[in-house]
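What you are looking at is a predicted structure, and each value in this text was computed from that prediction instead of being measured. The analysis underlying the following values was restricted to heavy atoms, covering all of them including side chains, and did not include hydrogens, waters or symmetry mates.
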Amino acid sequence: MIRINVIAVGKLKEKYLKDACAEYIKRLNAYAKVNVIEINEYRASDNPSQSEIETVKKKEGEAIISKIPKGSYIIPMCIEGTQLSSEEIAAKLGDIMLGGNGEITFIIGGSFGLSDEVKALGDFKLSFGKITLPHQLMRAVLLEQIYRALSILNNSKYHK
């Protein structure tokens, strides 16, 4: 069974997001062993300078890198990544698994995004489009899309 890790900056605060993530993790257990790793979010001032933003991204990036399992296929979520349909995400995950990799790690950055160091470690950069989503909502959306992809690969009726 494939292992799916989601490394995410910040803790879920809103009940509806916690409930959504818990539901998709429960559903994913039929297809994968899922592990969500939360990284502390570093705060910046209300009007941060570019230097302060880079410092926050660097600190969060160091914490993220320390949690990436060795040998895992790494997929940072970033706006400059490749946009794929749900079917294409399924095909990508299928290719990764067929390639012999039993562990995939998705990475969601904080409110300023991911550090260049984290992005550079990516085997494949994924984007869900040019829209901006709160990073906590992004976690629920990502888990749903992983569930949808694995449902497609397993010929489930979930994806219509």
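Glu52 and Ser45 form a side-chain donor-acceptor contact under 3.5 Å, judged by distance and modelled atom types alone.
Looking at residues two or more places apart in sequence or on another chain, you find a side-chain contact (heavy atoms from CB on, under 4.5 Å) between Lys125 and Pro76, Cys78, Lys119. For Ser66, there are no side-chain contact (heavy atoms from CB on, under 4.5 Å) partners at least two apart in sequence or on another chain. Applying the side-chain contact (heavy atoms from CB on, under 4.5 Å) rule to Tyr73 yields the partners Ile75, Lys92, Ile96, Asn101, Ile104, Asp123, Phe124; only residues at least two apart in sequence or on another chain are considered. With sequence neighbours excluded, no residue satisfies salt bridge (charged side-chain N to carboxylate O under 4.0 Å, His left out) with Asp116. With sequence neighbours left out, Glu54 forms a salt bridge (charged side-chain N to carboxylate O under 4.0 Å, His left out) with Lys57. For Lys70, the salt bridge (charged side-chain N to carboxylate O under 4.0 Å, His left out) criterion is met by no residue, not counting sequence neighbours. Under the rule for a side-chain contact (heavy atoms from CB on, under 4.5 Å), the partners of Ala20 that lie at least two apart in sequence or sit in another chain are Ala140. Residues passing the salt bridge (charged side-chain N to carboxylate O under 4.0 Å, His left out) test with Lys58, sequence neighbours excluded: Glu62.
Between Ala149 and Ile89, the shortest heavy-atom contact is CB-CG2, 3.9 Å. Nearest heavy-atom pair across Asn5 and Ser72 is ND2-OG, 4.2 Å.
With a 4.5 Å cut-off on side-chain heavy atoms, Ile146 and Phe106 count as touching. Looking at Arg148 and Tyr158, their side chains come closer than 4.5 Å, going by heavy atoms from C-beta outward. Counting heavy atoms from C-beta outward, Leu137 and Pro134 have side chains that approach closer than 4.5 Å. Here the side chains of Val56 and Pro48 are not in contact, with every heavy-atom distance at 4.5 Å or above. Looking at heavy atoms from C-beta onward, Ile108 lies in side-chain contact with Val6 at the 4.5 angstrom threshold. Side chains of Met97 and Leu150 form a contact here, defined as non-hydrogen atoms less than 4.5 Å apart.
Here Ile4 contributes atom CD1 and Asn29 contributes atom CG; the two are 11.5 Å apart, rounded to the nearest 0.5 Å. The CD atom of Glu14 sits 5.5 Å away from the CD atom of Gln136 when rounded to the nearest 0.5 Å. In this structure, OG on Ser111 lies 7.0 Å from CZ on Arg43, to the nearest 0.5 angstrom. Separation of atoms SG (Cys21) and CD (Glu144) is listed at 11.0 Å; rounding is to 0.5 Å. Taken from CE in Met138 to CG in Leu17, the straight-line distance is 12.5 Å, to the nearest 0.5 Å. Remark: Met77 CE to Gln145 CD distance equals 9.0 Å, nearest 0.5 Å.
The hydrophobic cluster around Ile107 extends to Ile7, Val9, Ile37, Ile39, Ile64, Ile65, Ile68, Ile74, Leu114, Val118, Leu121, counting ILVMFWY residues whose side-chain heavy atoms fall within less than 4.5 Å of a member.
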Show the atom names and distances, to 0.1 Å, of all donor-acceptor pairs under 3.5 Å that link a side chain in residues 126-133 to residues at least two apart or in another chain.
from, atom 1, to, atom 2, distance (Å)
Ser127, OG, Ile79, O, 3.4
Ser127, OG, Gly129, N, 3.0
Ser127, OG, Gly129, O, 3.2

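A continuous path of Ile, Leu, Val, Met, Phe, Trp and Tyr side chains, each step under 4.5 Å between heavy atoms, connects Tyr16 with Val141, placing both in one hydrophobic cluster.
Side-chain atoms of Glu60 never come within 3.5 Å of backbone atoms of Ser115 as a donor-acceptor pair (strictly under, hydrogens ignored).
Note on ring orientation: taking the six-membered ring where Trp is involved, the planes of Tyr147 and Tyr24 are tilted (angle from 30° to 60°).
Sorted by first and then second residue, the salt bridge (charged side-chain N to carboxylate O under 4.0 Å, His left out) pairs with a member in residues 24-33 read Glu23-Lys26, Glu23-Arg27; sequence neighbours excluded. Residue pairs meeting the salt bridge (charged side-chain N to carboxylate O under 4.0 Å, His left out) criterion with at least one member in residues 94-104, sequence neighbours excluded: Arg3-Glu103.
Ion pair Glu41/Lys59 not flagged as a salt bridge, since none of the NZ, NE, NH1 or NH2 atoms sits closer than 4.0 Å to an Asp/Glu carboxylate oxygen.
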